[in-house]
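A short worksheet on the structure shown next.
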Amino acid sequence: GPDPVTRQSQPDERGGGDLDEGRRAAREAAGPIPERGQHLRDHPVVDPPGVAGPDWNGRSLPLHATSSGKVFLAWLPDEERDAVLAPHLEAYTPRTITDRARLDRSLAEIRRLGYGTCVGELEEFQNGVSAAVLDRLMRPMVIVNIWGPSPRVTQKRLPAMGRMVLRAAHEVGLVLT
């Protein structure tokens with residue numbers, strides 16, 4: 001079947017009228033749609049004074065190689081996860097998960113812990129941790145993320161940061177529901 005973005009933009013049996021107008025407006029407001037297996041970094045990142053990181057704003061990022069992408073994937077139903085994941089998981093660094101069975105185990109661990117990590121999987125010098133705000137159907141609405149250079153966002157600190165993003169996601173969820 002079609003991927004979730006395409007499926008959501010298809011007209012239903014009722015057709016026409018306000019429903020189609022609303023969908024058209026939503027698609028225009030959504031802006032660029034990333035390729036299959038990618039997500040779009042669409043919010044500004046402000047580096048601290050004296051620290052210049054890569055500019056990811058407006059760029060597509062691979063779902064399987066970022067903590068936010070893996071958290072998103074972890075909470076999707078299997079059919080939708082299969083629809084959005086690229087058939088081939090590209091390696092960006094030696095640490096990128098490219099084996100689907102290994103990725104599935106990682107996603108199960110994310111569901112168990114409530115947060116996901118990325119240790120040098122997209123770029124060797126960047127680490128991150130993310131947690132999802134879930135809707136009533138246990139689907140991701142918002143992803144809370146901490147990422148940065150590996151000397152600051154160390155592998156040792158990721159469990160504590162994971163608990164932080166999990167608490168932050170809970171707080172955001174209280175506001176949204």
Looking only at heavy atoms, what is the nearest atom pair of Val71 and Tyr115, with distance?
-> CG2-C, 4.3 Å
Report yes if some heavy atom in the side chain of Asp82 is under 4.5 Å from a heavy atom in the side chain of Arg100; otherwise report no.
-> yes
Indicate yes or no: at least one non-hydrogen side-chain atom of Thr96 is less than 4.5 angstrom from one of Leu89.
-> no
Cluster check Ile110, Leu158: I/L/V/M/F/W/Y, side chain < 4.5 angstrom = no
Are any non-hydrogen side-chain atoms of Leu107 and Lys70 less than 4.5 angstrom apart?
-> yes
Could you check Thr154, Val119, Leu122 and say which one makes a side-chain contact (heavy atoms from CB on, under 4.5 Å) with Asn127?
-> Val119
Treating Ile, Leu, Val, Met, Phe, Trp and Tyr as nodes and any side-chain heavy-atom pair under 4.5 angstrom as an edge, say whether Val129 and Val153 lie in one connected cluster.
-> yes
Would a hydrophobic clustering, with Ile, Leu, Val, Met, Phe, Trp and Tyr connected at side-chain separations under 4.5 Å, put Leu134 with Val142?
-> no
Heavy-atom distance under 4.5 Å between the side chains of Leu73 and Leu85, does that happen here?
-> yes
Heavy atoms only: give me the nearest Gly173-Val133 pair and the separation to one decimal.
-> CA-CG1, 3.5 Å
If you round to the nearest 0.5 Å, how far is OG1 of Thr66 from CD of Glu123?
-> 11.5 Å
Nearest heavy-atom pair of Arg81 and Arg111: which atoms, and what distance?
-> NH2-NH1, 3.5 Å
Arg139 and Pro77 have their tightest heavy-atom pair at NH1-CD, 3.1 Å
Shortest non-hydrogen pair, Val144 vs Ala168, comes out as CG1-CB, 3.9 Å
What distance separates Thr117 OG1 from Gln155 CD, expressed to the nearest 0.5 Å?
-> 7.5 Å
Between Ser130 and Ser68, does any side-chain donor sit less than 3.5 Å from a side-chain acceptor?
-> no
Pro94 and Glu124, any side-chain heavy atoms less than 4.5 Å apart = yes
Is there a side-chain contact between Ser67 and Asn145 (heavy atoms, below 4.5 Å)?
-> yes
Heavy-atom distance under 4.5 Å between the side chains of Tyr92 and His64, does that happen here?
-> yes
From Asp104 CG over to Glu109 CD, what is the distance, rounded to the nearest 0.5 angstrom?
-> 13.5 Å
Rounded to the nearest 0.5 Å, what's the gap from SG on Cys118 to CD1 on Ile97? Could you check?
-> 8.5 Å
Co-membership, hydrophobic cluster, residues Ile143 and Met138, 4.5 Å side-chain | yes
Once you round to the nearest 0.5 Å, how far does CZ of Phe72 lie from CD of Glu80?
-> 8.0 Å
If you take all heavy atoms of Ala132 and Trp75, which pair is closest and at what distance?
-> CB-CD1, 3.9 Å
